[in-house]
2 protein chains.
Amino acid sequence: MQTQTTPTAPQATGRSLEHPRREAIRLEDVLHALADPMRMRVVRTLAERPGELSCSVFDLPVSKSTTTHHFRVLRECGVIHQIYRGTAKMNALRRADLDAMFPGLLDSVLAAAALQEGRLGSGRDGKSARPEPGSARPAGG
Amino acid sequence: MQTQTTPTAPQATGRSLEHPRREAIRLEDVLHALADPMRMRVVRTLAERPGELSCSVFDLPVSKSTTTHHFRVLRECGVIHQIYRGTAKMNALRRADLDAMFPGLLDSVLAAAALQEGRLGSGRDGKSARPEPGSARPAGG
DNA sequence: TCCGTAGTACGGCGATCGTCAAACTACACT
DNA sequence: AGTGTAGTTTGACGATCGCCGTACTACGGA
């Protein structure tokens, strides 16, 4: 079961969540939020499955309280929108807001994450070959 | 004086610095490095003034040891290349490596930073109006 | 050889981070 | 009313962060 936006989904309940306004979204906060692998995973899932997803469909390899924490960070920095529907809490990427504030940023971050996952071979579950930081020889511009 | 790449610049000295190979550059490390305003400032300066810049031209509003720390973070995550030339340490953006690993990422981050600075009005020196995180009404889609 | 400049290394400080378990709240369903 | 599910809150933990000052090293030039 997907807990996707079902027909006859419960309406929003009384509990309200604080979200930053679009104009208040700060680049450094977004980058900080995206720098965590767990949160990046959430954002990527949200990006490839548009619409509202409940927290529970993500099944992160951390405890419930840590999951709550990560979603809160994403919401407070303006990356996702959260709303209570019945007992579930639905999440959606604030793509329009992010694109308006930082055009192209989200897409290139998402593309970079996909590329890196491809190189590492399904880095989605975190247990992949991570080539250890070797010696020098960069090729900077 | 700019300490830009001068004619008759001293050659690299014996001291060597560790750099990650291009393929070892990790997205989460890059995002984490860029999430700090001081480091973002360095990267932006490096981006708009291609070539090697010595640490001292940046004149960050922090102590020397903190400056060293930030440059080290940027180097160890693969964002900049550093090399000793005489008593100076020159810095350059690893644009080719970053573009190869994460196409478009650096440019959109740089563009986002420029946009945000424009909106905040010369946020370069950190002391600007930062609209406090107000109430709700996002417009995600 | 001595001095000045550029940057490093080494703690140490308070703040924040990611994590957890335990107890709790809000809702749906019976 | 009672039960189960979904998520929150609190408080704690060790690790990391950004920052500092002090003492140090490496180099260039007088």
Side-chain angles (χ1 to χ4, degrees), chain A residues 1-4 6 8-18 26 28-29 31-42 52-77 80-91 126, chain B residues 1-4 6 8-18 26 28-29 31-42 52-77 80-91 126:
Chain A
M1 223 233 203
Q2 285 297 98
T3 324
Q4 199 106 19
T6 331
T8 74
Q11 283 316 297
T13 61
R15 289 183 283 177
S16 76
L17 275 335
E18 288 270 301
R26 297 288 246 115
E28 55 270 36
D29 297 340
L31 294 180
H32 167 252
L34 263 23
D36 182 275
M38 222 56 79
R39 291 191 294 255
M40 175 64 88
R41 187 158 138 171
V42 168
E52 294 179 337
L53 296 186
S54 93
C55 290
S56 51
V57 318
F58 292 91
D59 195 41
L60 304 179
V62 291
S63 72
K64 270 199 309 178
S65 31
T66 304
T67 300
T68 296
H69 162 70
H70 284 309
F71 276 100
R72 177 149 40 106
V73 170
L74 286 171
R75 170 172 48 85
E76 289 180 343
C77 76
I80 67 172
H81 175 67
Q82 296 192 290
I83 188 174
Y84 287 106
R85 290 200 193 283
T87 153
K89 189 194 218 167
M90 309 305 290
N91 304 275
Chain B
M1 223 229 197
Q2 285 296 96
T3 324
Q4 199 105 18
T6 331
T8 75
Q11 282 317 296
T13 63
R15 288 182 285 176
S16 74
L17 275 334
E18 289 268 303
R26 299 288 247 116
E28 56 269 38
D29 297 342
L31 294 180
H32 168 251
L34 263 23
D36 181 275
M38 222 57 79
R39 291 192 292 257
M40 174 64 88
R41 185 159 140 171
V42 168
E52 295 178 336
L53 296 186
S54 93
C55 291
S56 50
V57 319
F58 292 90
D59 196 40
L60 303 179
V62 291
S63 72
K64 268 201 307 179
S65 29
T66 303
T67 301
T68 295
H69 162 70
H70 284 309
F71 277 100
R72 177 149 38 106
V73 171
L74 286 170
R75 171 171 48 84
E76 290 179 343
C77 77
I80 66 172
H81 174 67
Q82 295 192 290
I83 186 174
Y84 287 106
R85 293 201 191 283
T87 153
K89 187 194 220 167
M90 309 306 291
N91 304 275

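Below, chain A is the first sequence line, B the second, and so on; all start at residue 1. Everything quoted here is computed from the prediction, not taken from an experiment.
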Whole-Å gap separating P (C/dG7) and NE2 (B/H69): 17 Å
Go through D/dG18, C/dG18, C/dA6 for me and flag the one nearest to the A/H70 side chain. C/dG18
Distance test, side-chain N/O of B/S54 to OP1/OP2 of C/dA6, below 4.0 Å: no
Identify which nucleotide among C/dG7, D/dC20, D/dG7 has an atom closest to any side-chain atom of B/S65, counting heavy atoms from C-beta outward. D/dC20
Rounded distance [0.5 Å steps], CG in B/D36 versus NE2 in A/H32: 10.5 Å
Strictly under 3.5 Å: I want the nitrogen or oxygen pairs between protein and nucleotides 13-16 of chain C, one per line.
none

Does a salt bridge link B/E18 with B/R75, judged by any charged N lying under 4.0 Å from a carboxylate O? no
Rounded to the nearest 0.5 Å, how far apart are OG of A/S16 and CD of A/Q82? 12.0 Å
Would you indicate, yes or no, if D/dG18 has its OP1 or OP2 atom less than 4.0 angstrom from a side-chain nitrogen or oxygen of B/R39? yes
Side-chain heavy-atom pair B/T67, B/F58 within 4.5 angstrom cut-off: no
Nearest whole Å is fine: how far is C/dA26 P from A/I83 CD1? 17 Å
To the nearest angstrom, how far is A/F58 atom CZ from D/dA6 atom C1'? 14 Å
Roughly how many Å is it from CD in A/E28 to P in D/dG18, rounded to a whole number? 13 Å
Have A/T68 and A/S65 got a donor and an acceptor in their side chains that come within less than 3.5 Å? no
So OG1 of B/T66 and CZ of B/F71: to nearest 0.5 Å the spacing works out to 12.0 Å
From CZ of B/R75 across to C1' of C/dG7 the rounded distance in Å is 12 Å
Tell me which nucleotide among D/dC19, C/dG7, C/dC20 gets nearest to the side chain of B/A88. C/dG7
Rounding to 0.5 Å, atoms CZ (A/R39) and SG (A/C77) come to a distance of 7.5 Å
A/K64 NZ to D/dT10 C1': how many Å, rounded? 14 Å
Nearest to the side chain of A/T68, which nucleotide is it out of D/dC19, D/dT9, C/dG7? D/dT9
Counting side-chain heavy atoms from CB outward, which of C/dT19, D/dG7, D/dT5 is closest to A/T87? D/dT5
Could you check how far CG of B/D59 sits from C1' of C/dT5, rounded to whole Å? 15 Å
Check if the side chain of A/S63 and the base of C/dA21 share a donor-acceptor pair of N or O atoms closer than 3.5 Å. no
In whole angstrom, what separates B/M90's CE from C/dG7's C1'? 13 Å
